[in-house]
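One structure below.
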Amino acid sequence: MPELPEVETTRAGLEPLLRGRRIVAVRVRERRLRWRLPPSFEAELTGRRIGVVGRRAKYLLIGTDAGTLLVHLGMSGNLRVLPSEAPRLTHDHVEIELDSGRTLRFNDPRRFGSMHFVTGDPGQHLLLRRLAPEPLLPEFDADYLFAATRGRRVAIKVLIMNALIVVGVGNIYASEALFRARLSPRRAAGRLTRAEVGRLVAAIKRVLAAAIKVGGTTLRDYVNADGGPGYFRQKLFVYERAGLPCRVCRTPVRQMTQGQRSTYWCPSCQA
DNA sequence: ATGGGCACCTGGCTGC
DNA sequence: TGCAGCCAGGTGCCCA
């Protein structure tokens, strides 16, 4: 489900509800997430005071006075803060009860999401330490991406979804950024010109920032920390629009498979 | 090193 | 109505 804009929207929504709160109880209904929750999980979190709620790539970093709760939402996960007495839903796997009378609930039907409680610098965790630059920071620029694409024969769509190249760009925004940069998703990464890479970097930054502004994209089940949807779906040019007219030139949008994922593009606008 | 494919899961939709 | 088959916002791991 969530790509960078949806995770960032969740982060921003959680922050005011979590910051400064004390965790009074932790209940795990299902330990079998992407990685099985260890027996120590509940005890490590219980009694902790929550600090900053951060994000790295598509991971949420919920800081506490004794370590960091690392959360990944996978394809279908969401985190919500609800009144503690609110009824539980199927697939509410973890409940973290706060001293505010509310409870942070992790719901994830497919269980591709994960939680880890880590002590020390979370940036050194195995899941984070090798990650590429954040797309919205200045270090992700044309110079960087141009160098990173040289010698690479993979399709540019596949390459920008690789977290060792740049993080946060998932299946929706990869197609959308390539449309906005007027580049065919099939182009070999190493064959892009300097100018084309520049357009792509700008398009990635623009599309992610625009999506964050309206709370991300809700296609099926994504909801933010308040349970509300994101509104970027209305701004999508190609994703899930196969057969519909391109919003720029009216040519039917096409769909294909790359790296076992659907790609959408306009064969006329994107060369 | 690079690229390609699979695996992990549940649920919703389509078509017979 | 039932059921098989396909598809879905991710990513770690294994193989050539």
Side-chain angles (χ1 to χ4, degrees), chain A residues 1-11 29-37 55-60 70-79 89-93 106-116 125-132 135 147-177 186-191 204 207-208 210-212 214-224 228-236 238-243 255-264:
Chain A
M1 68 64 105
E3 303 185 33
L4 188 149
E6 293 74 39
V7 178
E8 177 58 26
T9 299
T10 298
R11 186 206 65 73
R29 314 278 176 187
E30 175 57 83
R31 315 194 82 83
R32 295 171 304 163
L33 307 181
R34 173 87 200 254
W35 285 281
R36 189 180 190 90
L37 292 178
R55 178 188 59 74
R56 172 76 174 103
K58 297 172 190 165
Y59 289 91
L60 286 161
L70 238 175
V71 184
H72 198 291
L73 301 176
M75 290 273 265
S76 57
N78 64 68
L79 282 174
L89 306 173
T90 358
H91 309 303
D92 274 351
H93 304 313
F106 175 65
N107 184 286
D108 184 9
R110 294 177 74 179
R111 286 191 272 124
F112 288 175
S114 65
M115 287 191 166
H116 295 268
H125 190 274
L126 281 169
L127 293 170
L128 301 189
R129 61 184 305 166
R130 297 177 58 227
L131 291 176
T149 53
R150 293 311 90 183
R152 302 297 296 258
R153 304 157 81 115
V154 276
I156 188 63
K157 155 76 157 36
V158 174
L159 182 118
I160 59 174
M161 291 179 66
N162 180 345
L164 302 178
I165 302 290
V166 59
V167 301
V169 181
N171 206 36
I172 298 177
Y173 300 108
S175 283
E176 291 296 318
R186 294 203 243 240
R187 297 277 300 281
R191 294 273 176 90
I204 289 171
V207 72
L208 294 177
I212 290 170
V214 296
T217 303
T218 296
L219 292 173
R220 286 163 269 281
D221 46 16
Y222 167 73
V223 291
N224 63 33
Y231 295 97
F232 198 70
R233 185 173 198 176
Q234 303 157 235
K235 307 271 180 81
L236 298 178
V238 288
Y239 192 80
E240 285 198 336
R241 286 179 48 83
Q255 176 178 13
M256 66 176 160
T257 300
Q258 293 182 293
Q260 298 98 236
R261 314 295 301 277
S262 277
T263 298
Y264 299 84

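Naming convention: chains lettered A, B, ... in sequence-line order (proteins, then strands); numbering from 1 in each chain. Here the structure is a predicted model, which is why all the values come from computation and not from measurement.
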Carboxylate-amine/guanidinium proximity below 4.0 Å for A:E240 and A:R233: yes

Donor-acceptor pair present, A:R111 side chain and B:dC9 base, under 3.5 Å: no

Residue whose closest nucleotide on DNA chain B lies nearer the 5' end, A:R153 versus A:F112: A:R153

Sugar-phosphate only, base, or nothing, as touched by A:F232 at under 4.0 Å among non-hydrogen atoms: nothing

Review item, nucleotides 13-15 of chain B N/O atoms under 3.5 Å of protein N/O:
none

Under the side chain to side chain contact (heavy atoms under 4.5 Å, CB included) test, residues paired with A:R129 that sit two or more places apart: A:Q124, A:L126

Proximal nucleotide (of C:dG12, C:dT11, B:dT10) relative to the A:H91 side chain: B:dT10

Each stem that DNA chain B is part of, given as range with range (3 or more consecutive Watson-Crick or G-U pairs, under 3.5 Å): B:2-8 with C:10-16, B:10-16 with C:2-8

All N/O contacts under 3.5 Å from nucleotides 13-16 of chain C to the protein, with atom names and distances to one decimal?
none

Partners meeting side chain to side chain contact (heavy atoms under 4.5 Å, CB included) with A:A174 (sequence neighbours left out): A:K157, A:I160, A:M161, A:V169

All salt bridge (charged side-chain N to carboxylate O under 4.0 Å, His left out) counterparts of A:R152, not counting sequence neighbours: none

Neighbour count >12 (heavy atoms, 6.0 Å) for atom CZ, A:R153: no

Sugar-phosphate, base or nothing in reach of A:R261, heavy atoms under 4.0 Å: base

